[in-house]
Protein chains: 2
Amino acid sequence: MTAAPKRNTWQREAVRAALAEARGFVSAQELHQTLRDQGSTIGLATVYRALAGLAEGGEADSLQSPDGENRFRSCSMQGHHHHLVCRICGETRELEARVVEEWAQRVGAEHGFTEIDHVVDLYGVCERCRARAA
Amino acid sequence: MTAAPKRNTWQREAVRAALAEARGFVSAQELHQTLRDQGSTIGLATVYRALAGLAEGGEADSLQSPDGENRFRSCSMQGHHHHLVCRICGETRELEARVVEEWAQRVGAEHGFTEIDHVVDLYGVCERCRARAA
DNA sequence: AGATATGCTGAGATTCGTTCTCAACAAGCG
DNA sequence: CGCTTGTTGAGAACGAATCTCAGCATATCT
């Protein structure tokens, strides 16, 4: 078997834990800073590696913030899904979107495109933040 | 009115023209290189500024490539729309997506979110590239 | 438990895209 | 034509992400 030989290190666990605690999406740098603030001596490179690994393994979702940062979120829902993110507090909901999947496939096919992939994310202001800002 | 006093410079026009000629999405750097190759002495910073201006004015659409680059495209369709991009050659189609708009609003509302904005982009392989790669 | 091989770690350097600085310049206006 | 002021462009500065590589820790073997 070509099973990738992965080791369990406390660093990886720390990243996983910190990610799980975060409410919404966090950047690698924020996560690194958080961990350092908690007294960890973890390195930035390691946080990047751990996040990349988690993302690849489906344990985390990644998306890019408008200013070019990669942001990550601990991701419970299995398989393909989308997000609804509060642009103020970062609160995140995971969404299923059958309608959108179908639409993507159909529109792609109509234009002769294959291997359709898609990026679908919603941004808004959650109830709590709206109340607070009002 | 607080109309921003904008001037018309040949540089801005050059960027607009180069952008219009490009088939799909191009990065600021690519555009800058293209212009330099054509003999222009335009500066990189100016290309960035011009693109930001065009994007803000709705004359260009911007999106981020997976590797963190901002890419731009001359945008003819007025108002809100989405894109179907060939991930090989960059060919781009502009899309309307009433279904998706409605879905976004509905789902957002269901979760108590307001001021829903959304990012929806499709990536695939266009007919030509599929033929070439086959 | 102890020895060992190899994947993992982390500080810092590096790469690369983007933005900033600032002096020189030119568009638009009277 | 001359002035005012936004614009330009070269290079510096910045920031995110990746790479390097020697030291270390984990899983495994004995």
Can you confirm if the aromatic rings of [Y] and [X] lie within a centre distance of less than 6.0 Å?
X        : Y       : result
A:Phe25  : A:His83 : yes
A:Tyr48  : A:His32 : no
A:His118 : B:His82 : no

Please give, in whole Å, the distance from [N] [atom2] to [X] [atom1]?
X       : N      : atom1 : atom2 : answer
B:Ile42 : D:dA10 : CD1   : P     : 10 Å
A:Arg12 : D:dT26 : CZ    : C1'   : 11 Å
A:Leu51 : D:dT18 : CG    : C1'   : 14 Å
B:His32 : D:dT8  : NE2   : C1'   : 12 Å
B:Asp67 : C:dC16 : CG    : C1'   : 10 Å
A:Glu13 : D:dT26 : CD    : P     : 13 Å
A:Gln11 : D:dG23 : CD    : P     : 18 Å

### Message
For a quick check under 3.5 Å, do B:His111 and A:Glu127 share a side-chain donor-acceptor pair by atom type?
### Response
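Side chains of B:His111 and A:Glu127: no pair found under 3.5 Å.
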### Query
Counting only heavy atoms not in A:Glu96, do more than 12 sit closer than 6.0 Å to its CD atom?
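No, CD of A:Glu96 has 12 or fewer neighbouring heavy atoms, counting only those of other groups under 6.0 Å.
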### Query
Would you say D:dA10 has OP1 or OP2 under 4.0 Å from some side-chain N or O of B:Arg36?
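So the side chain of B:Arg36 is within the cut-off, an N or O lying under 4.0 Å from OP1 or OP2 of D:dA10.
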### Message
Please check: side-chain N/O of B:Arg87 versus main-chain N/O of A:Glu115, any donor-acceptor pairing under 3.5 Å?
### Response
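The answer is yes, because a donor-acceptor pair under 3.5 Å joins these two groups.
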### Task
Give the B/S/- string for nucleotides 18-30 of chain C, one per nucleotide from 5' to 3', where a protein heavy atom under 4.0 Å of the base yields B, of only the sugar-phosphate yields S, and otherwise -.
BBB-----BBS--
